[in-house]
Amino acid sequence: MEQSSVKSSFWAKIIGLQLYNSYEADTNGRTPSLSIVRLLYTIILFGGYLVGFYKAFELLFIAEYTANSPSIFKFAYITQIYSGILGTVICYASLWRTDRMKCVYIDGIQCSNMKINDRYYQFRNMQVPVNHSFLLPLSIGMLLILSICEVYAQYNRGYYFTIIAILYPLWMFHITILEFTTLVKSTECILTKLNWMMDAFLESLQNQSTPSLTLKGQNKSFNKVYPINRRPYVQEHELISGERLTYMFVIHENVAKLAEFINGAYSVQIIAIVTVTFVNTLFGFFVVTKLLFWNYQMLDLILRACRYAFECIPACLLVYYMLIVCASTHCELFKSASLLHKLLQYKSNYFIDDQALFERSKAIALQLLHRKRFSLFDGSGLFRLDFTFIFSVFSAATSYLIVLLQFDLSKDLEKSTMVA
């Protein structure tokens, strides 16, 4: 997970999405300081993009496209460039606050991990396996190929500034989603480790309350949530402690607050990116559908429309991976509630001398179950970042696509066919 965080941070610096020095460089425990070099680099990149946007805007309104090109392509590129500048300005406007909150979040996650290793030394060598999805290299590879195609197409026409106006927002959106997903994944790793520890409590209590003999062919442990090859040897008298369980509750609550903290830091950017991706993808597939139904022999126009439509597909793949990570983190967070309920069943042999701990454990379990109805990650309450988001997007896309298909573009397409 640390390697993924380093990679996303590296690309964030390249794109100009990182302003503050990291906590790793500050050994005195002070708050992160603003890096003047990164600030100037970000300003220069954003200024260069604004110049590219202005020149591309001027070109689209003054210069004429090729004679056999329908005007719908002009509106398509105008939509793409306008939405790109809108999303870019929103991301840059919230960059100062987001980068500062990200530094605090990283420090909080590292501190929680250190507390786990110090207090629960038996779990110090336990490593949470990180499953890298094939969607990451696939989306980056597709974006690279589509970027090369766009550069080639615009270079042949001499539209050099249009290359910057189109490609820079796509890469910036990609890096922003990747960075947010990496941070959420680090939260999931901490929560998974806490659930492993909770399961170790349960296993120890089961060994105390049930005979050690097992039936033939029956496993000794029933509630494993961690890999067997990473299971540590934990002596029961070292594991069971009301103080250690209380400390685990504190860490769990802190990690949940940090997850909400980073969700609030990236909510505005996620809303902007999802909106821009949705609009451009929908409009692109509308143009492709119209061309296919009008005259499927116009291969050049169909390829141009497909290039326009598929430029947002890499972002869609990365958004889907983000939904997987957010849903998995949400599930891991509230898996602790079921484990805690199982732990409460051992009141007679564990909580009998500590009624206050029993009541607090019951209250925390009820609180987790109550919060399960609300998504941990959302776009400022506009949508939930889980698998229900896919249904919402497809239902909205179907409705808007039906409305768009009712527009008659036959005259525009017929002109281009007659000229060709």
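One is the number of the first residue; the rest follow in order along the sequence. Note that this is a predicted model, so its numbers are computed, not measured.
Side-chain contact of Q80 with E311: a donor-acceptor pair under 3.5 Å is present, judged by distance alone.
Considering C91, P314, C312 as possible partners of F173, the one that fulfils the side chain to side chain contact (heavy atoms under 4.5 Å, CB included) test is C91.
R38 places a side-chain N or O within 3.5 Å of a backbone atom of Y20 that can act as its donor or acceptor partner. With hydrogens and angles ignored, the 3.5 Å screen pairs no side-chain donor or acceptor of S328 with any backbone N or O of I324. S338 contributes no side-chain N or O that, together with a main-chain N or O of F334, makes up a donor-acceptor pair within less than 3.5 Å. Proximity of a side-chain donor or acceptor of N113 to a complementary backbone N or O of I190 within less than 3.5 Å is not detected. Looking at S139, its side chain does come within 3.5 Å of a backbone N or O of L136 through a donor-acceptor pair.
Nearest heavy-atom pair, A265 versus T98, reported as atom, atom and distance to 0.1 Å: O-OG1, 2.9 Å. Shown here for V288 and C306, the closest heavy-atom pair between the two residues is CG2-N, 3.8 Å. Closest non-hydrogen pair, I262 versus K102, comes out as CD1-CA, 4.1 Å. Closest of all the heavy-atom pairs between L17 and L95 is O-CD1, 3.4 Å. Across L135 and Y321, no two heavy atoms sit closer than the pair CD1-CB, 4.0 Å. Annotation for L318 and H174: closest pair CD2-O, 3.3 Å, computed over non-hydrogen atoms.
Proximity of L50 to I85: side-chain heavy atoms (C-beta onward) are separated by under 4.5 Å at one or more points. T329 is not listed as a side-chain neighbour of K185, based on a closest heavy-atom distance of 4.5 Å or more. The side-chain heavy atoms of K193 and C189, taken from C-beta on, include no pair separated by under 4.5 Å. At least one side-chain heavy atom of L385 sits under 4.5 Å from a side-chain heavy atom of L323. Counting only heavy atoms from C-beta outward, the side chains of E179 and Y266 approach each other to under 4.5 Å. In this structure, the side chains of I106 and L183 come closer than 4.5 Å at one or more pairs of heavy atoms. Looking at I270 and F383, their side chains come closer than 4.5 Å, going by heavy atoms from C-beta outward. Side-chain contact check for Q154 versus Y77: some heavy-atom pair is nearer than 4.5 Å.
Note: Y308 and F283 have perpendicular aromatic rings, judged against thresholds of 30 and 60 degrees for the angle between ring planes. Aromatic ring pairs are classed by plane angle as parallel below 30°, tilted from 30° to 60° and perpendicular above 60°; the pair F53 and Y82 is tilted. Using a 30° and 60° split on the angle between ring planes, Y92 and F46 fall in the tilted class, from 30° to 60°.
Considering only residues two or more places apart in sequence or on other chains, S380 meets the side-chain contact (heavy atoms from CB on, under 4.5 Å) condition with S267, I271. Every side chain to side chain donor-acceptor pair (under 3.5 Å) that S83 has, sequence neighbours left out, goes to N280. Considering only residues two or more places apart in sequence or on other chains, T176 meets the side chain to side chain donor-acceptor pair (under 3.5 Å) condition with none of them.
The distance between the ring centers of F310 and F285 falls below 6.0 angstrom. Between Y54 and F57, the gap from one ring centroid to the other reaches at least 6.0 Å. Checked against the 6.0 Å centroid criterion, the rings of Y105 and F261 do not qualify as a close aromatic pair.
Using a 4.0 Å cut-off between charged nitrogen and carboxylate oxygen, K335 and E332 count as a salt-bridge pair.
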Steps toward salt bridge (charged side-chain N to carboxylate O under 4.0 Å, His left out) verdict (E260, K257): CA-CA 5 Å; E260 296 177 353; K257 290 180 180 179; over 6 Å; no
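Note that OG1 of T162 and NZ of K55 are 11.5 Å apart. Values are rounded to the nearest 0.5 Å.
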